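Accompanying notes for the structure given below.
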Amino acid sequence: ITAGPTFEAIDPVRGLTNLSSGKMGYAVAQAAAEAGARVCLVSGPTCLTSPAGVRRIDVQSAAEMRDAVLGELPSDVFIAVAAVADYRVDAAATQKIKKSTAGLTLQLVANPDILAEVADLPDAPFCVGFAAETEHLAEHAEAKRLKKKLPLLVGNLAQDTLGRDTAELVLFDDRGQHRLPRTDKLTQARALINHLASLLN
Ligand code: C5P
């Protein structure tokens, strides 16, 4: 399970990141462990404590997250909850960049898509993705599920979820859409793990 944001260095003291708190990913890790799974949580920077019985690997960048995830394979299930940065700075400065009235231009390059890469492996685990959208949730989420070749994708509206303690999720799979009404993230995570178990069985 991946969780949290990634942090992409600009220089030794600055970076690019996002508003993911890691709460949903940690709740999913807890729910999976409660259900009897052996769980490895690959976590970007968060302020959260690890759920009981969950092994955690801390990472910062998308590249580190990718290496940690690939190092844990093979596994039966991969749940990508992390809000991975789409871009990183091409060549992060090794010394602090000095302020200049001329401004600063950063050259960004695309990060690897960890979930798409894992889902495309010949012996791919059962892959679950998360899609935070700001509009047209069903349309974007189902398109993302098919593009990344995922049996299950969890959609939510970013502005209603990021950093909050509750979430309203919609599960997209081959059988259609299943709405989980707004409640706390641990309850949502337990419902997601139940749904996942029913698909695996
Ligand atoms: O960013 P996007 O909306 O494509 O994210 C959808 C899913 O893909 C999420 O589950 C996220 O964790 C995963 N992802 C990833 N690596 C990326 C981008 C997204 O694993 N570089």
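As the structure lists them, so they are numbered: ligands from 1, and atoms in each ligand from 1. Please read all numbers here as calculations on a predicted model, not as lab measurements.
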Query raised in the report: Hey, is ligand 1 close enough to K144 that some N/O pair sits below 3.5 Å?
Result: yes

Query raised in the report: Between the side chains of N201 and S198, does any donor sit under 3.5 Å from an acceptor?
Result: no

Query raised in the report: V128 to ligand 1: N or O pair under 3.5 Å?
Result: no

Report task. Please report which non-hydrogen protein atom sits nearest to atom 1 (O) of ligand 1, along with the residue it belongs to and the distance in Å to one decimal place. Result -> D86 OD1, 3.9 Å

Query raised in the report: For residues S43 and Y26, is any side-chain donor paired with an opposing acceptor at under 3.5 Å?
Result: yes

Query raised in the report: What protein heavy atom sits nearest atom 11 (C) of ligand 1, and how far away is it?
Result: A82 O, 3.3 Å

Report task. Say whether V84, considering both its backbone and side-chain N or O atoms, lies within less than 3.5 Å of an N or O atom on ligand 1. Result -> no

**Report entry** Nearest atoms (heavy-atom pairs only) where L137 meets F172
**Finding:** O-CZ, 4.5 Å

Query raised in the report: Which atoms form the tightest heavy-atom contact between P112 and E117, and what is the distance?
Result: CB-OE1, 4.3 Å

**Report entry** atom 16 (N) of ligand 1: nearest protein contact (heavy atom, Å)
**Finding:** I114 N, 3.0 Å

Query raised in the report: Got an N/O contact under 3.5 Å between G129 and ligand 1?
Result: no

Report task. Taking the side chain as every heavy atom from C-beta outward, state whether R190 and H195 have any atom pair closer than 4.5 Å. Result -> no

Query raised in the report: Which heavy atom in A52 sits nearest to a heavy atom in A33, and how many Å separate them?
Result: O-CB, 4.0 Å

Query raised in the report: Should L115 be counted as touching ligand 1, given the test is an N or O pair under 3.5 Å?
Result: yes

Query raised in the report: Around D90, counting heavy atoms of other residues, nucleotides and ligands shown, do more than 12 lie under 6.0 Å from its CG?
Result: yes

Requested in this report: Out of D113, N111, V118, T6, indicate the one that has the non-hydrogen atom closest to atom 15 (C) of ligand 1.
Outcome: D113

Report task. Starting from atom 10 (O) of ligand 1, find the nearest protein heavy-atom neighbour and note its residue, name and distance. Result -> A80 O, 2.5 Å

Requested in this report: Return a yes/no value for F130: is any of its N or O atoms, backbone included, closer than 3.5 angstrom to an N or O of ligand 1?
Outcome: yes

Query raised in the report: Any luck finding a side-chain donor-acceptor pair between Q107 and T105 under 3.5 Å?
Result: no

Query raised in the report: Relative to ligand 1, is P112 under 4.0 angstrom through side chain, backbone, both or neither, heavy atoms considered?
Result: backbone

Query - Identity and distance of the protein heavy atom lying nearest atom 8 (O) of ligand 1 - result: K148 NZ, 2.9 Å

Query raised in the report: Which atoms form the tightest heavy-atom contact between R56 and T49, and what is the distance?
Result: NH1-C, 4.0 Å

